[in-house]
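Contents: one structure, followed by commentary.
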Amino acid sequence: MDTADVWLRYLRRIGAARPASPDADALRTLHLSHLRTVPFENLSIHLGEEIVLAEQPLLDKIVGARRGGFCYELNGAFAALLAALGYDVQLLSARVFGPDGPGIPYDHLALRVRTPTGPWLADVGFGKHSHYPLRLDSRADQPDPGGVFRVVETSEGDLDILRDGAPQYRLEQRPRALADFEVGCWWNRTSPASHFTRSLVCSLLTDTGRVTLSGRTLVITADDGTRDERELREAEVLPAYRTHFGITLDHEPELDEHPG
């Protein structure tokens with residue numbers, strides 16, 4: 001892709017105007033716009049597609065091919081856009097909480113964005129999470145359409161991100177490079193223990209809730225929590241990707257029942 005107009009094309013992709021200045025209000029708008037237009041999806045893993053953690057391949061996929069991705073791709077591309085718009089943005093590593101506590105290092109990529117009014121946690125790659133950036137320097141509850149969030153300091157100097165009282169991930173504060181996440185990305189797309197090799201998901205925030213296609217199960221959730229769930233026939237799957245997520249595929253991704 002010609003990079004001369006890539007940032008304008010990226011903004012068009014997410015339906016946002018170029019902000020007049022890199023401030024917190026514009027960041028909120030860009031964040032929500034991204035969540036409502038670029039799906040969280042792990043289809044590449046189940047389509048046999050390579051995932052390359054470098055700026056140009058990420059832009060080619062998300063802007064050029066109008067696809068989505070998982071955290072490394074979504075937040076990696078969003079960081080590049082923010083930097084091009086004049087934001088001071090840093091990549092941060094996080095460990096996602098599971099039943100036994102935090103997971104592997106580099107399990108998740110999130111962003112610290114510094115603005116004239118303070119630092120923010122931006123994250124457009126965690127599936128169901130905050131709709132707007134969170135203040136990183138606040139330890140108070142932060143109400144959001146996605147829940148009530150809180151940033152809690154740990155004894156080791158990390159930050160735990162809580163949603164409705166439950167820890168979501170443990171965030172390191174040391175800035176990282178995109179290449180640092182190669183190992184975590186490789187593990188998540190190849191390990192039999194990874195959630196991403198054992199599930200097939202495409203999900204997008206909407207104006208009225210969320211739409212998710214998990215395998216052939218289509219779930220439309222409203223803001224009030226009501227759900228419309230149904231199993232699609234084989235002939236309905238590819239049209240569902242196009243209709244709900246703007247993704248055009250030439251064949252249906254298939255879940256490997258025995259990854260690795």
Give the intermediate values and the outcome of side chain to side chain contact (heavy atoms under 4.5 Å, CB included) for residues Ile104 and Val183.
CA-CA 10 Å; Ile104 65 166; Val183 172; over 6 Å; no
Start with the C-alpha distance between Leu218 and Val211, add both sets of side-chain angles, then the distance that settles side chain to side chain contact (heavy atoms under 4.5 Å, CB included), and finish with yes or no.
CA-CA 7 Å; Leu218 180 66; Val211 57; 3.9 Å; yes
Salt bridge (charged side-chain N to carboxylate O under 4.0 Å, His left out) between Arg95 and Asp107, intermediate numbers included:
CA-CA 5 Å; Arg95 300 167 65 194; Asp107 197 17; over 6 Å; no
Report the C-alpha distance between Leu205 and His131 in whole Å, list the side-chain angles of each, state the deciding distance to 0.1 Å, and finish with yes or no for side chain to side chain contact (heavy atoms under 4.5 Å, CB included).
CA-CA 9 Å; Leu205 188 69; His131 295 195; 3.5 Å; yes
Give the intermediate values and the outcome of side chain to side chain contact (heavy atoms under 4.5 Å, CB included) for residues Ile14 and Leu81.
CA-CA 11 Å; Ile14 64 174; Leu81 173 64; 4.1 Å; yes
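Thr37 and Arg13 are not linked by any side-chain donor-acceptor pair at a separation below 3.5 angstrom, with hydrogens and angles left out of the test. A donor-acceptor contact closer than 3.5 angstrom is absent between the side chains of Tyr169 and Asp160. Residues Lys128 and Ser203 bring no donor and acceptor atom of their side chains to less than 3.5 Å of each other.
Here the closest heavy-atom approach between residue His108 and residue Tyr72 is recorded as N-OH, 4.1 Å. Smallest separation of non-hydrogen atoms from Arg67 and Ile247: CD-CG2, 3.7 Å. Contact record, Pro253 with Leu200: O-CD2, 3.5 Å, taken as the closest heavy-atom pair. Nearest heavy-atom pair, Leu109 versus Gly76, reported as atom, atom and distance to 0.1 Å: CD2-N, 4.3 Å. Nearest heavy-atom pair, Leu58 versus Ala77, reported as atom, atom and distance to 0.1 Å: CD1-N, 4.0 Å. Across every non-hydrogen atom of Ala79 and Leu111, the tightest pair is CB-CD2, 3.7 Å.
From Leu121, atom CG reaches atom OG of Ser130 across 6.5 Å, with rounding to the nearest 0.5 Å. Taken to the nearest 0.5 Å, the CD atom of Gln142 stands 8.5 Å off from the CD1 atom of Ile161. Here the straight-line distance linking atom CH2 of Trp186 with atom CG of Leu53 works out to 14.0 Å at 0.5 Å rounding. From Gln168, atom CD reaches atom NE2 of His129 across 7.0 Å, with rounding to the nearest 0.5 Å. To the nearest 0.5 angstrom, Arg210 atom CZ is 8.0 Å from Thr206 atom OG1. To the nearest 0.5 Å, atoms CZ (Arg9) and CG (Leu11) are separated by 12.0 Å.
One hydrophobic cluster holds both Leu134 and Val96 under the rule that ILVMFWY side chains link at heavy-atom gaps under 4.5 Å. Cluster membership for Leu92 and Leu162, using ILVMFWY side-chain heavy atoms within less than 4.5 angstrom, is not shared. The cluster map of Ile, Leu, Val, Met, Phe, Trp and Tyr, joined by side-chain heavy atoms under 4.5 Å apart, puts Leu249 and Leu204 in the same cluster. Under the 4.5 Å side-chain heavy-atom criterion for Ile, Leu, Val, Met, Phe, Trp and Tyr, Ile62 and Trp7 are members of the same hydrophobic cluster. Hydrophobic cluster membership differs between Val148 and Val152, with clusters built from Ile, Leu, Val, Met, Phe, Trp and Tyr side chains linked at under 4.5 angstrom.
Side-chain contact check for Val151 versus Asp137: every heavy-atom pair is 4.5 Å or farther apart. Here the side chains of Arg216 and Glu234 are in contact, with some heavy-atom distance below 4.5 Å. No side-chain heavy atom of Cys71 sits less than 4.5 Å from a side-chain heavy atom of Phe126. Taking 4.5 Å as the limit, some side-chain heavy atom of Leu30 sits within range of a side-chain heavy atom of Tyr87. Taking 4.5 Å as the limit, some side-chain heavy atom of Arg139 sits within range of a side-chain heavy atom of Leu159. By the 4.5 Å heavy-atom criterion applied to side chains, Pro143 and Phe149 are not counted as neighbours. Leu74 has its side chain within reach of Val38: a pair of non-hydrogen atoms, C-beta onward, lies under 4.5 Å apart.
Other residues, nucleotides and ligands contribute more than 12 heavy atoms inside 6.0 Å of the CD atom of Glu231. Annotation: Glu254, atom CD; neighbour count of heavy atoms from other residues, nucleotides and ligands within 6.0 Å does not exceed 12.
No cation-pi contact links Arg112 to Trp120, judged by a cut-off of 6.0 Å to the six-membered ring centre and 45° from its axis.
Phe245 and Tyr241 have tilted rings, their planes meeting at an angle from 30° to 60° on a 0 to 90° scale. Ring orientation note: the planes of Phe196 and Phe40 are tilted relative to one another, at an angle of 30° to 60°.
Salt-bridge annotation for Arg174 and Glu172: absent, with no side-chain N of the basic residue lying under 4.0 Å from a carboxylate O of the acidic one. Taking the charged nitrogens against the carboxylate oxygens, Arg150 and Asp141 do have a contact shorter than 4.0 Å, which makes a salt bridge. Salt-bridge formation is detected for the pair Glu50/Arg189: a Lys NZ or Arg NE/NH1/NH2 atom is positioned less than 4.0 Å from an Asp or Glu carboxylate oxygen.
Under a 3.5 Å cut-off, the side chain of Asn188 and the backbone N or O of Cys185 do not form any donor-acceptor pair. A distance-only check finds a donor-acceptor pair linking the side chain of Asp23 to the backbone of Ala26 [under 3.5 Å]. In this structure a side-chain-to-backbone donor-acceptor pair under 3.5 Å is present from Thr197 to Ser194. Side-chain N or O atoms of Asn75 include one that pairs as donor or acceptor with a backbone N or O of Val124 at under 3.5 Å. Side-chain atoms of Thr212 do not come within 3.5 Å of backbone N or O of Val219 as any donor-acceptor pair. The closest donor-acceptor contact from the side chain of Glu229 to the backbone of Arg227 lies at 3.5 Å or more, if one exists at all. No side-chain donor-acceptor contact under 3.5 Å links Ser199 to the backbone of Val201. In terms of modelled atom types and a separation under 3.5 Å, the side chain of Arg114 and the main chain of Val89 share no donor-acceptor contact. Counting only distance, with no hydrogens or angles, the side chain of Glu41 and the backbone of Leu43 share a donor-acceptor pair below 3.5 Å. In terms of modelled atom types and a separation under 3.5 Å, the side chain of Asp228 and the main chain of Ile220 share no donor-acceptor contact.
With ring centers used as reference points, His195 lies 6.0 Å or more from Phe70. Checked against the 6.0 Å centroid threshold, His34 and Phe78 count as a close aromatic pair.
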